[in-house]
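Everything on this sheet refers to the single structure shown next.
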Amino acid sequence: MTKLLSMNRRNFLQASAAGALAGAMPGLIGSSAAAQTALTVGFIYVGPKDDYGYNQAHAEGAAVIKALPGVTLVEEENVPETVDVQKTMESMINLDGATLLFPTSFGYFDPHMLAVAAKHPDIQFRHCGGLWQEGKNPANTGSYFGYIFQGQYLNGIAAGHATKSKKIGFVAAKPIPQVLQNINAFLLGARAVDPGITCQVIFTGEWSLAVKEAEATNALVDQGADVITCHVDSPKVVVETAAGRGAFVCGYHANQSPLAPEKYLTGAEWAWGNVYSDFVKKAQAGEKLGNFVRGGLKDGFVKMSALGPAVSAEGRKTFETTQAEMMKGGFSVFKGPLKDNKGDTVVAADKSYAEDAIELESMNYLVEGVVGSTA
């Protein structure tokens, strides 16, 4: 439908002809849902699909399901976390016949996805993150996420072998649990190589703000950090700025090695194609979709970028050995004794957290050795 109209779907719903056109073509809309195994799936992105980051990772996953039999894919990028996303969802449902929607951005969940889901109980909505709550949110909604801090731990191992200054840096958006997990795991991986390594983190306060990301990266390098990683929507600016200053980089979300082929050590990537394929195949088979779906490296939710040419033979061996242990399951990134950067014990000596520990969902501390500041 969007191809025929050649206009923004959000604006189309406001046009006076929208209701008349939908009413005049019920057979077209209904026939898609009635097809034997046909399924129309909608993906919504807060930024561009080629951002070398968060949105690209989801778009790569969407491309995988597009190739599945019986699947029609509809997508819209650059949709803000406002009522605009509700209009996009309504359009995908009413005009394209979508019955499974993936609004991928964090801010789409409440109130936007929940509001649309309440009006369409027969449509399935799945949101990336950890916001869905049983007994509180509708049964036709849910969340999915991965233990990508495992990938940041492996990033840390590569960084630990590469650093000469024993100072590594992290550009972060906001101090929410998922970001803190990644910062902590990055340093813990590096400290598994050398306990003397420290990590400087700068919070920009925004998920996507190129100027602050460049400033933060330059500030970290100025303070002596010679390996940089990040947790922002698009690592492109961080990677290019760090490499331009001579620092090594570890990627996040997607593969950024083309941006800095000589300085890119490895990267923690999402493997959303596996996750989306599972959702789609269950939907086509008429099976119940999970409401709270999680997984890590061994489950195929997360993967690592290929090791770059700057990784030493020793670094490669440690990296690959640790990755193999993670693939077995039950690997504990966070284990005691562990203190936070205020000196308080946060994990007792006899305690360790498996990747699926619910406690990690509410992490609110930075570990000892992390120095935090705001840009």
Side-chain angles (χ1 to χ4, degrees), residues 8-10 41-63 65 73-93 96 98 100-118 120 123-133 137-138 140-146 148 171-179 181-182 203-210 212-213 230-238 252-254 268-273 275-276 279 291-294 301-302 361:
N8 185 294
R9 65 174 69 248
R10 285 168 267 156
V41 185
F43 279 82
I44 308 169
Y45 315 105
V46 74
K49 295 192 297 180
D50 57 353
D51 66 351
Y52 280 97
Y54 184 87
N55 297 289
Q56 180 170 318
H58 286 292
E60 289 174 355
I65 67 143
L73 178 69
V74 291
E75 303 171 278
E76 185 161 358
E77 56 189 333
N78 297 311
V79 182
E81 295 172 328
T82 65
V83 70
D84 281 347
V85 73
Q86 295 189 38
K87 296 174 183 176
T88 292
M89 285 186 276
E90 290 283 2
S91 174
M92 288 180 171
I93 294 167
D96 298 300
L100 175 59
L101 294 181
F102 293 103
T104 59
S105 189
F106 187 83
Y108 290 162
F109 184 81
D110 190 359
H112 307 299
M113 188 184 90
L114 295 179
V116 179
H120 298 279
I123 307 299
Q124 291 293 320
F125 300 78
R126 291 300 180 271
H127 178 261
C128 183
L131 297 178
W132 187 86
Q133 297 180 50
N137 300 131
N140 63 324
T141 65
S143 71
Y144 58 96
F145 206 64
I148 201 166
V171 179
K174 300 180 181 183
I176 65 172
Q178 291 165 355
V179 176
Q181 289 170 19
N182 284 329
F203 294 99
T204 66
E206 302 287 346
W207 292 111
S208 181
L209 193 59
K212 280 195 173 183
E213 290 160 10
C230 64
H231 185 157
V232 294
D233 271 6
S234 173
K236 186 176 188 292
V237 169
V238 173
Y252 187 63
H253 288 314
E269 297 184 40
W270 295 108
W272 291 133
V275 181
Y276 290 139
F279 274 125
N291 296 105
F292 196 79
V293 178
R294 296 289 185 276
F301 282 53
V302 178
E361 298 273 345

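Since we're looking at a predicted model, the values are computed, not measured.
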Check your understanding: Do Tyr252 and Ile148 have side chains that get closer than 4.5 Å, going by heavy atoms?
Key -> yes

Check your understanding: Where is the tightest heavy-atom contact between Asn140 and Ile123, given as atom of each residue plus distance?
Key -> ND2-O, 2.9 Å

Review point. According to the interplanar angle, ranging from 0 to 90°, do the rings of Tyr276 and Phe43 count as parallel (below 30°), tilted (30 to 60°) or perpendicular (above 60°)?
Key: perpendicular

Review point. Just by distance, with hydrogens left out, do Glu60 and Gln56 show a side-chain donor and acceptor under 3.5 Å apart?
Key: yes

Check your understanding: Salt bridge or not for Lys49 and Glu75, using N-O below 4.0 Å?
Key -> yes

Practice item. Working to the nearest 0.5 Å, report the span between OH of Tyr108 and CG of Asp84. Key: 9.0 Å

**Study point:** Full working for side-chain contact (heavy atoms from CB on, under 4.5 Å) between Val116 and Glu90
**Key:** CA-CA 7 Å; Val116 179; Glu90 290 283 2; 4.1 Å; yes

Check your understanding: Do the rings of Phe106 and Trp207 sit parallel, tilted or perpendicular, given the 30° and 60° boundaries?
Key -> tilted

Exercise for review: Ignoring hydrogens and angles, state whether a donor on the side chain of Tyr45 or Asp51 is under 3.5 Å from an acceptor on the partner side chain.
Suggested key: no

Revision key, fill the gap. Rounding to 0.5 Å, atoms OG (Ser143) and CZ (Arg294) come to a distance of 4.0 Å

**Study point:** Full working for side-chain contact (heavy atoms from CB on, under 4.5 Å) between Val293 and Phe279
**Key:** CA-CA 10 Å; Val293 178; Phe279 274 125; 3.9 Å; yes

Check your understanding: Quick one: are Ile44 and Val85 in side-chain contact, heavy atoms under 4.5 Å?
Key -> yes

Practice item. Classify the angle between the aromatic ring planes of Tyr54 and His253 as parallel (below 30°), tilted (30 to 60°) or perpendicular (above 60°). Key: perpendicular

Review point. Going by the angle between their ring planes, with limits at 30° and 60°, are His127 and Phe109 parallel, tilted or perpendicular?
Key: tilted

Review point. Between Cys128 and Trp272, which heavy-atom pair has the shortest distance, and what is it?
Key: SG-CZ2, 3.8 Å

